[in-house]
Amino acid sequence: MKSGIVGYGVYIPRFRIRAEEIARVWGKNPEAIKNGLGIREKSVPDVDEDSVTIAVEAARNAIKFAGIDPSKIGVVFIGSESPPYAVKPSATIIAEAIGATPDLMAADFEFACKAGTQAMLAVLGLVESGMVEYGLAIGSDTSQGRPGDALEYTAAAGGAAYIIGKEGVIAEIIDYYSFATDTPDFWRREGKEYPRHGARFTGEPAYFKHIISATRRLLEKTGIGLEDVDYFVFHQPNAKFPLRAAKKLGIPKEKVLPGLLNPVIGNTYSGATPLGLAAVLDIAEPGNLIVATSFGSGAGSDSMLIKVTDEIERKRGNTPKVVDYINRKKYLTYGEYVKHRKKLKFD
Amino acid sequence: MAEGSVPAVWRRYPQRYRLVGSKCETCGEFFFPPRIICPNCRRKGKVVEYQFSGRGVVESYTVVHTPPADMEDQAPYVLAIVRLEEGPMLTAQIVDVDPREVKIGMPVRMVFRRISEDGEDGLINYGYKFAPL
Ligand SMILES: [Zn+2]
């Protein structure tokens, strides 16, 4: 049996803010924002939530789904661009919280929004080589945009966790393709609170070039045709880019929409592709083929070809689905949102 | 919430992060926080580590409007006495619910949250809180 996903779990905070509420505060036309970015609302973490607490909740769901003893997890890798500490790993806090310490490897991955899929591939390599029996890979973020910046409408919070192993695989990771170049589309300097982006530079040479190259090369490498794939999940900084990428590749949007969560939760950065993949796994049937392609600014894409097995039907049902978290929500006013995101500085 | 020294906080990670307590295999009583000696059985007791399920019910609660300085940004919040399904009671915050929706007898489950932070450059203290089932 090929190695792959043994269990997965997700977490999305309960709070939301509507795009029109943000637009109202900044005197922007809400319809123009909604049409431009394709976003209706985004998730907002509670005041006591961060990328680590989100990761722990997702990881606990993944362990429950997998039905494994957490002490058998030989590696915990988390991908995030919003770790609570500048120096001190998030992975050890998570490993302790799920009861996987002390006999394991643990590290934090950073690569803008593709750190989560990068963590998945690194864990897959350790499983395939036989270095570990089970590994845990997580993508989790609570990202922020500067108040008034376009990113403020989309920067959201959420995460997904994957247990990868060789026994009890619910979805085989058949193959992958990674593609990376030095592209300065988005950055944040050490000690600065908010990122900067190269405005119009973010589209063609960054997102589309990497997503399309990685996806095409994966299909060429595996000899799988676009028409053989049941679902495509693309990184989703807004709701428009993934659909445009699909169009460029010649993929009908019906194969992309099930994994497109951006309109209702926003851009969860490192969590985005792993969460989109989880939403597809929630509804997939044995035998389905899924291609999931992340994108991280700076820039790179990981594309994975995944085949759902019969095992998924035996294991699913004990943990909350993506749609359960999407439907569990409470709206904030902009004032409440500011308190949640600690954007007001009093000093 | 006074957190004490860094080593004192660190020693309690298993209980604070994931509700590790103890159980007396002689009389079947559960302990949280964990005990080393069973008060019922004394020397005849056999006390072992126990991972609580994290499920319980709200026994009583209060809404905190004036919290300690290290938890100021969380106010108002609900502080409750939760009875774990195995028996022991503990004090914890209830999250993911509006204060006026909390009810005595409400089933809850453990969640992992930030409890407090020791200033802007200090340690972040994580641990259990409870949320509606
Ligand atoms: Zn006893």
* To do: Give the minimum heavy-atom separation between B:Phe112 and A:Ala97, together with the two atoms involved.
  => CE1-CB, 3.7 Å
* **Any side-chain heavy-atom pair of A:Arg328 and B:Asp96 under 4.5 Å** => yes
* Enter the distance from A:Asp46:CG to B:Tyr77:OH here, rounded to the nearest 0.5 Å. => 13.0 Å
* Asked: Which atoms of B:Leu123 come close to chain A, meaning under 4.5 Å heavy atom to heavy atom: side chain ones, backbone ones, both, or neither?
  -> both
* State, with a plain yes or no, whether a side-chain heavy atom of B:Tyr17 is found less than 4.5 Å away from one of A:Ile93. => yes
* Structure fact -> Value for CZ (A:Arg60) from CE (B:Met110), rounded to nearest 0.5 Å, stands at 4.5 Å
* Just give me the residue among A:Asp48, A:Ile54, A:Thr53, A:Asp50 that pairs up with chain B most often, heavy atom to heavy atom, under 4.5 Å. => A:Asp48
* Structure fact -> Ranking B:Arg113, B:Gln51, B:Glu117 by heavy-atom pairs under 4.5 Å to chain A gives rank one to B:Arg113
* Asked: Can you find a pair of side-chain heavy atoms, one from B:Tyr126 and one from A:Glu96, that are under 4.5 Å apart?
  -> no
* Minimum heavy-atom separation for A:Arg14 to B:Val97, with atom names? -> NH2-N, 3.5 Å
* To do: Check each atom of B:Val95 against the heavy atoms of chain A and say whether the ones under 4.5 Å are side chain, backbone, both or neither.
  => side chain
* Asked: Using non-hydrogen atoms only, which part of B:Ala131 is less than 4.5 Å away from chain A: side chain, backbone, both, or neither?
  -> neither
* Are more than 12 heavy atoms from other residues, nucleotides or ligands located less than 6.0 Å from atom CD of B:Glu49? -> no
* Please answer whether the main-chain N or O of B:Val111 pairs with a side-chain N or O of A:Glu57 as donor and acceptor at a distance below 3.5 Å. => no
* **Closest non-hydrogen atom pair, B:Arg114 against A:Pro84** => NH2-CB, 3.6 Å
